[in-house]
4 protein chains.
Amino acid sequence: MVNTQTKPAPTRRNRQYEKRLSAILKAAAKTIAREGYEGASVRRVAARAKIGLSGIYYYFHNKEELLFALQEHTFSTLVETLQERLASAETPEEKLRAVIDNHFEYFVNNLDELKVCVHEIESLSGHYYKQVLKIRQGYFALVKKVIREVRGRRTGIDPNLAALFLFGSLNWVYMWYDPRKNTEMKKLSKQLRRIYFNGMTAP
Amino acid sequence: MVNTQTKPAPTRRNRQYEKRLSAILKAAAKTIAREGYEGASVRRVAARAKIGLSGIYYYFHNKEELLFALQEHTFSTLVETLQERLASAETPEEKLRAVIDNHFEYFVNNLDELKVCVHEIESLSGHYYKQVLKIRQGYFALVKKVIREVRGRRTGIDPNLAALFLFGSLNWVYMWYDPRKNTEMKKLSKQLRRIYFNGMTAP
Amino acid sequence: MVNTQTKPAPTRRNRQYEKRLSAILKAAAKTIAREGYEGASVRRVAARAKIGLSGIYYYFHNKEELLFALQEHTFSTLVETLQERLASAETPEEKLRAVIDNHFEYFVNNLDELKVCVHEIESLSGHYYKQVLKIRQGYFALVKKVIREVRGRRTGIDPNLAALFLFGSLNWVYMWYDPRKNTEMKKLSKQLRRIYFNGMTAP
Amino acid sequence: MVNTQTKPAPTRRNRQYEKRLSAILKAAAKTIAREGYEGASVRRVAARAKIGLSGIYYYFHNKEELLFALQEHTFSTLVETLQERLASAETPEEKLRAVIDNHFEYFVNNLDELKVCVHEIESLSGHYYKQVLKIRQGYFALVKKVIREVRGRRTGIDPNLAALFLFGSLNWVYMWYDPRKNTEMKKLSKQLRRIYFNGMTAP
DNA sequence: TATGAATGAGACTTCATTCAT
DNA sequence: TATGAATGAAGTCTCATTCAT
């Protein structure tokens with residue numbers, strides 16, 4: 001089953017298993033991104049993953065666990081890569097850039113996954129929700145810390161609110177970004193950095 | 001049916017009709033806000049509106065029309081009130097404030113409705129979607145124009161992107177705003193204005 | 001819905017409703033008697049009742065409620081008619097006869113229902129189970145009291161055990177009684193009375 | 001496979017096989033006793049037997065065969081031990097006691113198995129059913145013969161009916177016997193004997 | 001104007017079973 | 001001897017919608 005703590009050596013069987021599993025996750029991301037979590041049917045996810053309907057239930061206990069796996073993985077990755085970037089950033093400005101670039105870069109390479117993470121946060125419930133919440137809170141804390149450094153002593157800026165507004169800008173992107181138009185991510189990033197950096201450092 | 005162009009004099013019967021209709025809309029907003037459009041069942045909407053299930057279908061042709069009515073009304077109102085506010089604003093700064101205050105004020109008084117508008121945009125399809133899209137585009141155009149005025153000659157700012165980022169910040173609010181904590185809207189507005197105004201006017 | 005406390009006057013509509021409802025119950029009894037509770041599918045119950053599958057769910061919230069309604073009604077009737085019979089019985093012997101005849105008579109007229117009640121007692125759970133349990137306990141108490149009268153002062157007989165054994169004999173009938181062979185109920189009753197009456201009154 | 005006629009010498013391998021097999025049967029008895037035959041899933045039987053799901057299918061062709069093995073073994077044992085007991089009983093009374101004690105003793109040591117045998121008789125079908133039926137008929141014949149001896153010349157007692165009533169009392173025990181309360185089997189046996197012996201021998 | 005009764009489609013999930021390994 | 005992976009069939013239930021009244 002998914003989420004086993006022990007990772008055995010990748011035998012041929014294991015590799016087959018992992019392949020199927022990630023095929024299912026990819027299919028789930030695509031389907032849920034297009035139809036919404038409630039709107040997406042497990043059957044259609046299975047069809048896209050080229051597996052029998054009941055095959056899904058060999059890998060996941062239920063539909064919600066599919067969404068959970070998606071969110072858990074995406075947010076964890078987001079946090080990890082951000083931490084790496086932040087480690088090699090020095091000035092507050094560089095750190096803000098790390099935050100923004102990290103988010104955009106992941107986004108542009110994982111459109112479906114990020115959409116599902118942003119748009120279906122409340123579709124999880126109970127234990128699943130709480131577990132993802134924790135990771136998201138970690139992510140939020142990282143960003144808030146960066147913002148605190150950016151604003152320095154300017155007490156007119158509330159880091160909490162500023163972080164929430166920034167997340168709004170970042171998360172909303174999936175609603176208008178069109179990959180076919182191939183808008184340069186660099187430009188997006190630069191614009192957003194400019195607004196928020198200047199916005200938070202002006203006297 | 002909904003959206004009749006001709007508005008007859010408000011007889012007692014008409015008033016009864018309108019009352020029921022808005023009760024249904026309120027119930028729909030609450031239900032869809034909590035359960036999502038796909039997750040919300042017409043049955044539960046009817047129950048909340050204290051009406052028989054099939055009673056709904058006297059007022060609306062189908063479930064999608066419910067969502068449409070909600071979005072149509074909210075976005076139209078948003079545009080209307082913004083126009084009024086803008087008419088009495090003079091400087092670019094005042095206009096930016098009009099945009100932000102208008103959004104926040106409506107939001108705080110219509111939490112469910114705005115959430116439904118923001119979160120369920122893509123749940124409409126076909127004709128319904130297009131009609132709402134038009135209104136939203138009008139709204140967007142108004143805001144973009146304000147932003148253009150704010151940035152003035154600073155060509156480093158792309159009004160389109162800036163508007164999209166601003167909308168992100170505004171729309172994301174429903175995800176974290178907690179009416180029970182009674183956060184002051186004034187503070188929210190002030191913070192957001194500060195970031196975006198400074199962010200777009202810094203050299 | 002089923003089990004409404006208020007009983008409105010039987011309009012034509014009501015009569016139609018009642019008819020359907022008892023058709024469903026009859027179909028459920030037949031189906032569950034033949035296939036067992038778990039083995040019986042709601043679909044097949046519906047087919048026998050000549051109603052659409054989902055039609056069942058207009059009358060009952062779920063499958064378990066079907067079984068509950070069956071058991072609730074049967075056991076209640078059993079208790080009621082037994083009470084009537086006991087009221088007009090005088091000697092202990094007559095009372096024992098009332099118990100046995102009451103059970104057999106109901107049984108022979110409602111083979112399916114009684115089988116379902118006896119064989120599927122543990123198929124109910126939670127609230128449903130408890131509610132039926134209460135009625136059954138009432139039934140048991142009635143019988144025990146009769147047995148106490150029968151045994152008189154013979155302390156060698158434990159009324160509790162005797163009642164349980166008697167119920168065993170009564171309930172087991174559905175396993176071997178063949179209505180096509182038209183065994184006379186009178187004979188059954190007489191035999192059983194003889195064994196238990198003599199068995200409990202011998203010195 | 002199960003029920004091989006030839007019994008090879010018990011090598012180590014064979015012993016391992018038998019062990020597993022009886023572990024599965026024990027698990028099946030427990031599971032089916034709790035959840036019913038239809039309600040019990042092979043998966044859960046396997047889990048309880050601490051074996052892989054498909055491992056079951058090495059020992060049994062299908063689910064029904066599991067139930068069959070259980071019933072076949074239990075009823076055969078019941079018949080065997082009864083025959084032994086009867087061989088050393090002399091008076092009719094002693095023989096009746098043999099019948100009752102035999103049943104109760106087996107019952108108290110094999111609660112799950114006997115429940116499954118009594119409650120799931122009709123869950124078998126076709127060939128499986130017939131085979132078990134034969135054994136049960138043998139059991140029934142034994143008991144009927146004893147009863148015939150007990151009643152002697154009292155033609156008012158129909159041995160067939162009396163046997164059926166007695167079986168009812170015996171079989172129903174699983175519905176109310178609570179092993180935790182540790183009711184003395186001796187008392188149960190004595191009570192039942194008293195009722196049936198006196199019941200059938202009174203003038 | 002409103003509802004009670006009904007339905008077909010489709011949702012999620014579990015089932016017994018198989019087969020290559 | 002045993003299992004991991006997979007499947008088709010079937011299960012219960014909810015859904016949006018209709019229509020006679």
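In what follows, every chain begins at residue 1, and chains take the letters A, B, ... in the order their sequences are listed.
In this structure, Gln16(B) and Arg43(A) both approach DNA chain E, and ranking their closest nucleotides by distance from the 5' end singles out Gln16(B). The residue among Arg20(A) and Tyr37(B) whose nearest nucleotide of DNA chain F is located toward the 5' end is Arg20(A). Where Ala40(A) and Leu53(B) meet DNA chain E, the nucleotide closest to each residue was compared, and Leu53(B) sits on the side nearer the 5' end. Each of Glu38(C) and Gly39(B) lies near DNA chain F, and the nucleotide nearest Glu38(C) is the one positioned closer to the 5' end.
If you check every strand for non-hydrogen atoms under 4.0 Å, Ile51(C) touches sugar and phosphate atoms only. Among the atoms of the strands shown, base atoms are found under 4.0 Å from some heavy atom of Ser54(C).
Within 6.0 Å of the NE2 atom in His119(B), the count of heavy atoms belonging to other residues, nucleotides or ligands exceeds 12. Around atom CZ of Arg48(A), more than 12 heavy atoms belonging to other residues, nucleotides or ligands sit under 6.0 Å away.
Rounded to a whole Å, the CZ atom of Arg44(B) is 12 Å from the C1' atom of dA16(F). Atoms CG (Asn62(C)) and P (dC15(F)) sit 14 Å apart, rounded to a whole Å. Between the C1' atom of dC15(F) and the CG atom of Leu66(B) lies a distance of 15 Å, rounded to the nearest Å. Going from atom OH of Tyr58(C) over to atom P of dA16(F) covers 17 Å, rounded to whole Å.
Proximity of a side-chain donor or acceptor of Gln71(B) to a complementary backbone N or O of Leu133(B) within less than 3.5 Å is not detected.
A cation-pi contact links Lys63(A) to Tyr37(A), judged by a cut-off of 6.0 Å to the six-membered ring centre and 45° from its axis.
Here Phe75(A) pairs with nothing under the ring pair (Phe, Tyr, Trp, His ring centres under 6.0 Å) rule; sequence neighbours left out.
Arg44(A) and Thr31(A) are not linked by any side-chain donor-acceptor pair at a separation below 3.5 angstrom, with hydrogens and angles left out of the test. No side-chain N or O of Glu38(B) forms a donor-acceptor pair with one of Ser123(B) less than 3.5 Å apart.
Remark: aromatic rings of Phe68(D) and Phe60(D) are distant, center separation not under 6.0 Å.
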message: Just to be sure I follow the notation: if a pair is Watson-Crick (purine N1 to pyrimidine N3 plus N6-O4 or O6-N4) or a G-U wobble (N1-O2 and O6-N3), each under 3.5 Å, what dot-bracket string does DNA chain E give, with | for pairs to another strand?
response: .||||||||||||||||||||

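The nucleotide range of DNA chain E contacted by chain D, defined by atoms under 4.0 angstrom from heavy atoms of the protein and reported 5' to 3', is dC15(E) to dC19(E).
Val132(B) is not listed as a side-chain neighbour of Ile121(B), based on a closest heavy-atom distance of 4.5 Å or more.
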